[in-house]
Protein chains: 2
Amino acid sequence: MPQDEPAGRTGRTDHDEQPRWLDAEQQRLWRAYLDGSVRFVDAMTREHDEQSEVSLYEYELLVRLSESPDGALRMSALADGLAQSRSRVTHTVARMETRGLVRRSATADDRRGVLCTLTDEGRRTLVVAAPTHVAAVRRYLVDVLTPEQFRALGEAMAAVAAACREARPS
Amino acid sequence: MPQDEPAGRTGRTDHDEQPRWLDAEQQRLWRAYLDGSVRFVDAMTREHDEQSEVSLYEYELLVRLSESPDGALRMSALADGLAQSRSRVTHTVARMETRGLVRRSATADDRRGVLCTLTDEGRRTLVVAAPTHVAAVRRYLVDVLTPEQFRALGEAMAAVAAACREARPS
DNA sequence: TCGTGGTAGTTGAAGGTTCAACCGGGTACG
DNA sequence: CGTACCCGGTTGAACCTTCAACTACCACGA
């Protein structure tokens, strides 16, 4: 209800603009987005829980490390790349370190920095997890869309990401 | 790396099919989706934290209730509609009940059922939160896309939702 | 070189989510 | 009837994330 056109427009107060509500069609699309995104992360999460040693988020973290030249990245680079808080990365890396997936060490130049490095065990885990991960991404997303749909989705979300980044510079 | 075409294709074992990796362009789009969706929920979450009495998720819950004829829904209907676990809904509703936003009561027909009802206070909270919520949805998503992009996004996510629902019937 | 302020990362507590176990109430089938 | 199984919902513990300090270091200006 509250997202629909309100029944009776009454006088406006000083500082609150008239909200531009979503029309019925916009609302339908917005709900579809919401529902789809929730179900998708849920499906991916379960897939990882059942088939993999690492959670969806831990997997993404391993991927970032693996893509970096030496399989190593500073904590802050990791946090920025994953669009997550430093605190969260610290905790997650700590847990992963005890499992032997990554290793932490000091950085050469900046004595504040901490370098997070992929271990052999971490790389092995990633290689094992990758096929089921990609298969799930395909099953729930890529392969259920036409190539044009997929492109449109990606481009749209890139615009959304840009808007979020701009409005709230992390 | 692991989502790219692997360097050397080696012999395949019995039960693992060759994974169909994402090509560079697909990967770019997939990453854009991931990044955008993370940043978007993050931006929405902060918006609610700063400007509203209720979290993003609690807001959605209130919306569902408000859309129902009597401002009331069974716990299971709530869980299904929000695509969330029953447990989570139980906990969330319990917290919201102590804040006076909703009320729980027994259902008439099925003695197992629990009816969750929006209180006046809950409705007031929703009405207050709605304008900033919609404004945020517009600022970070709707208004940064062309109408065609927005429609494409919604339709694509509807397809994703359907795929997830089908593969994992909740 | 001394402050001041910003950056990198960690910490622990508080709060939310998930998981598995559980309690009834319904339902179907002998 | 009774009993075995499913459904609706709750519980509490384990786990993860968030938040607000806090430490340590860098960088800039006076």
Side-chain angles (χ1 to χ4, degrees), chain A residues 38-39 41-50 52-61 72-99 101-117 168-170, chain B residues 38-39 41-50 52-61 72-99 101-117 168-170:
Chain A
V38 169
R39 288 188 194 278
V41 294
D42 209 63
M44 288 298 297
T45 298
R46 285 182 192 287
E47 210 76 25
H48 273 266
D49 282 358
E50 290 166 11
S52 173
E53 295 294 314
V54 286
S55 74
L56 175 56
Y57 171 58
E58 291 167 343
Y59 178 83
E60 299 298 339
L61 198 152
L73 237 33
R74 287 184 63 151
M75 298 296 280
S76 51
L78 222 33
D80 292 350
L82 296 166
Q84 301 289 354
S85 71
R86 293 175 196 286
S87 174
R88 182 172 177 182
V89 173
T90 295
H91 284 302
T92 305
V93 164
R95 285 189 295 265
M96 293 174 78
E97 193 171 27
T98 68
R99 288 195 275 152
L101 301 173
V102 297
R103 192 182 336 111
R104 271 186 290 192
S105 55
T107 49
D109 46 330
D110 188 340
R111 253 186 299 180
R112 294 169 301 181
V114 171
L115 198 68
C116 182
T117 309
R168 309 185 153 273
S170 67
Chain B
V38 169
R39 288 188 195 277
V41 295
D42 209 63
M44 289 298 298
T45 297
R46 285 181 191 287
E47 210 75 25
H48 274 265
D49 282 359
E50 290 166 11
S52 173
E53 294 293 314
V54 286
S55 75
L56 176 56
Y57 172 57
E58 289 167 342
Y59 178 83
E60 300 296 340
L61 197 151
L73 237 33
R74 286 186 60 153
M75 297 296 280
S76 52
L78 222 32
D80 292 351
L82 296 166
Q84 300 290 353
S85 72
R86 295 179 196 288
S87 174
R88 182 174 177 181
V89 172
T90 295
H91 284 300
T92 305
V93 165
R95 284 189 296 266
M96 293 174 78
E97 193 171 28
T98 69
R99 287 196 274 154
L101 301 173
V102 298
R103 194 182 333 109
R104 271 185 291 193
S105 55
T107 50
D109 47 329
D110 188 340
R111 252 186 299 181
R112 292 168 300 180
V114 171
L115 197 67
C116 181
T117 309
R168 309 186 153 273
S170 67

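Numbered from 1 within each chain, the chains take letters A, B, ... in sequence-line order.
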Can you check whether [X] has a side-chain N or O nearer than 4.0 Å to OP1 or OP2 of [N]?
{"X": "A:R111", "N": "D:dC25", "value": "no"}
{"X": "A:R86", "N": "C:dA8", "value": "yes"}
{"X": "B:S85", "N": "C:dC19", "value": "no"}
{"X": "B:R104", "N": "D:dT10", "value": "yes"}

Counting distance alone, no hydrogens or angles: does the base of D:dG12 have a donor or acceptor under 3.5 Å from a partner atom on the side chain of B:H91?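 Result: at least one qualifying N/O pair found.
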
Nucleotide [N], atom [atom2] - distance to [atom1] of [X] in whole Å:
{"X": "A:R46", "N": "C:dT17", "atom1": "CZ", "atom2": "C1'", "value": "12 Å"}
{"X": "A:Y57", "N": "C:dT17", "atom1": "OH", "atom2": "P", "value": "18 Å"}
{"X": "A:R95", "N": "D:dT18", "atom1": "CZ", "atom2": "C1'", "value": "12 Å"}
{"X": "A:D49", "N": "D:dC15", "atom1": "CG", "atom2": "P", "value": "13 Å"}
{"X": "A:H48", "N": "C:dC19", "atom1": "NE2", "atom2": "P", "value": "14 Å"}
{"X": "A:L115", "N": "C:dA8", "atom1": "CG", "atom2": "P", "value": "14 Å"}
{"X": "A:E50", "N": "C:dT18", "atom1": "CD", "atom2": "C1'", "value": "14 Å"}
{"X": "B:R74", "N": "D:dT10", "atom1": "CZ", "atom2": "C1'", "value": "14 Å"}

Count the heavy atoms belonging to other residues, nucleotides or ligands that lie under 6.0 Å from [atom1] of [X], then report whether that count exceeds 12.
{"X": "B:R99", "atom1": "CZ", "answer": "yes"}
{"X": "B:E97", "atom1": "CD", "answer": "yes"}
{"X": "B:R74", "atom1": "CZ", "answer": "yes"}

Donor-acceptor contact present, side-chain A:T107 to main-chain A:D109, <3.5 Å: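 Side chain of A:T107 to backbone of A:D109, a donor-acceptor pair under 3.5 Å: no, none is there.
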
Taking the minimum atom-to-atom distance to the side chain of [X], which one of [options] wins?
{"X": "A:T92", "options": "C:dG9, D:dC25, D:dT17", "answer": "D:dT17"}
{"X": "B:D110", "options": "C:dC19, C:dG26, C:dG12", "answer": "C:dG26"}
{"X": "B:R88", "options": "C:dG12, D:dT10, C:dT18", "answer": "C:dT18"}
{"X": "B:S87", "options": "C:dA8, C:dT18, C:dT17", "answer": "C:dT18"}

Base, sugar-phosphate, or nothing for B:S76, non-hydrogen atoms under 4.0 angstrom?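 Sugar-phosphate, no base atom in range.
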
Sugar-phosphate only, base, or nothing, as touched by B:D42 at under 4.0 Å among non-hydrogen atoms: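 Counting heavy atoms under 4.0 Å across all strands, no contact is made by B:D42.
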
Judged by each residue's nearest nucleotide on DNA chain D, which is more toward the 5′ side, A:R112 or A:Q84?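 So the residue in question is A:Q84.
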
Assess whether side chain to side chain contact (heavy atoms under 4.5 Å, CB included) is satisfied between A:Y57 and A:V41, documenting all intermediate values. CA-CA 10 Å; A:Y57 171 58; A:V41 294; over 6 Å; no

